[in-house]
Amino acid sequence: MGKRLKQVYDAFLVLDVEATCVEGSDFAYPNEIIEWPVCLLRWKDANVKGKTRELEIVAEFRSFVRPTWRPQLSEFCQALTGITQEQVDSASTFPEVLQDFRKFLEEHELLDEAGHRLARFCFCSDGPYDIRDFVVKQCFISKIPVPAWLSGDVMDVRRVVGEWHDANTAAAVERRQVNVGAFPLPRRMTFPIPRQLHALGLEPFVGRQHSGIDDTRNICRLVIELARRGWRLEPNTAINPNRRWPWMGKRGKVLEEYYS
DNA sequence: AGCTTATTCAGATAAGATGG
DNA sequence: CCATCTTATCTGAATAAGCT
């Protein structure tokens, strides 16, 4: 059981986007975001000294997003994410959804109208990809800058769970004791969400895997449990908003020669 | 001591995995 | 086709050990 801890952040925004893909596409593909699900977590037990342990979901934002470069979803993508063509057809484009999301952040007193931070908040996702890759790609395609409030503080929850696992499991502790002194030292374990849940002693995955909102809610369970166990939650992922991929042409153009 | 061979260790390099 | 992280493999220097 964790002790109460002075935590750095007031709020956490757990995010797990879904994006377009085709069978066999690799990490350089111009993925377009098609679902933007976010849960807002806040402390519910901060004492006078600001020490906390209990996080709770206080709000959810969820919107599908209509892709513009390749508006038609592949069969593969629909099967993977469970998202239908109709759902994206009737959705807004990314810049519009981002505006709505910004309003959400203002309503919850995380940003002011000028986009300044009103509280310390940190985005959380499973793996480093969501903001580092998908958001950066999407902003290029949408011809908009990556908002500063989105690229600052990012925590890869999968990695944190791995670090927690290394530091706390019997196997890892034993390994460390046996190998006093000279050994390659801590190999960090990382694994998919269902096994992360198990590692933290939680009940199995709830909902449908690769559904953005369900993934997001399960990541929330991980973050809440890490906090409950007294683990400090802080950013561990750098974002380069100007990162470029080979298919990026001038002024938001996707070079078509890469994809027939 | 002088030489050779083995062992260890650290750093470099190569290879593999990676989410939607 | 990118970038990053992790693991495995290689390499070379330093060290240790064995031998005459």
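Below, each value reflects all heavy atoms present in this structure, side chains not excepted, and no hydrogens, waters or symmetry copies. Every chain is numbered from 1 and lettered A, B, ... according to where its sequence line falls, protein lines coming before strand lines. Only a predicted model underlies this, so the values are computations on that prediction, with no experimental measurement involved.
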Euclidean distance, atom CZ of residue A:Arg158 to atom C1' of B:dT18 [Å, nearest integer]: 9 Å
Protein-nucleotide distance (A:Asn236, atom CG; C:dT6, atom P), rounded to Å: 11 Å
A:Tyr29 OH - B:dT18 C1' separation (whole Å): 18 Å
hbond_proxy A:Arg244 side chain to C:dC2 base (donor-acceptor, 3.5 Å cutoff): no
Atom-pair distance (NZ on A:Lys137; C1' on B:dT18), nearest Å: 12 Å
Separation of atom OH in A:Tyr129 from atom P in B:dA17, rounded to whole Å: 13 Å
Check: A:Gly127 main-chain N/O paired with A:Asp156 side-chain donor or acceptor under 3.5 Å: yes
Smallest separation among heavy atoms of A:Phe61 and A:Val97, with atom names: CZ-O, 4.0 Å
A:Phe27 over C:dA3, stacked by centroid distance under 5.5 Å, angle under 30°: no
Pairing stems for DNA chain B [at least three consecutive pairs; Watson-Crick or G-U; under 3.5 angstrom]: B:1-18 with C:3-20
Phosphate OP1/OP2 of C:dC2 contacted by A:Arg132 side-chain N/O (<4.0 Å): no
Under 3.5 Å donor-acceptor, A:Glu96 side chain and A:Thr93 backbone: yes
Spacing of A:Ile239 atom CD1 relative to C:dT4 atom P, expressed in whole Å: 11 Å
Of the listed nucleotides C:dC1, B:dG19, C:dC2, the one nearest the side chain of A:Arg243: C:dC2
Hydrophobic cluster of A:Leu73, others only, ordered by chain and residue number, side-chain cut-off 4.5 Å: A:Ile34, A:Phe64, A:Ile83, A:Val88
Point-to-point distance, once rounded to the nearest 0.5 Å, from OG of A:Ser125 to CG of A:Asp215: 11.0 Å
Basic-acidic side-chain contact under 4.0 Å: A:Glu225, A:Arg228: yes
Touch class at under 4.0 angstrom, heavy-atom based, for A:Phe134 against every strand present: base
Where at least one partner belongs to residues 196-210 of chain A, residue pairs that pass side chain to side chain donor-acceptor pair (under 3.5 Å), sequence neighbours excluded: A:Asp126-A:Gln196
A:Trp245 CH2 to B:dT18 C1', straight-line distance once rounded to whole Å: 14 Å
Sugar-phosphate only, base, or nothing, as touched by A:Asp16 at under 4.0 Å among non-hydrogen atoms: sugar-phosphate
Upstream residue (5' side of DNA chain C) when A:Ala28 and A:Asn240 are each assigned their closest nucleotide: A:Ala28
Whole-Å distance separating the CG atom of A:Asp133 from the P atom of C:dC5: 12 Å
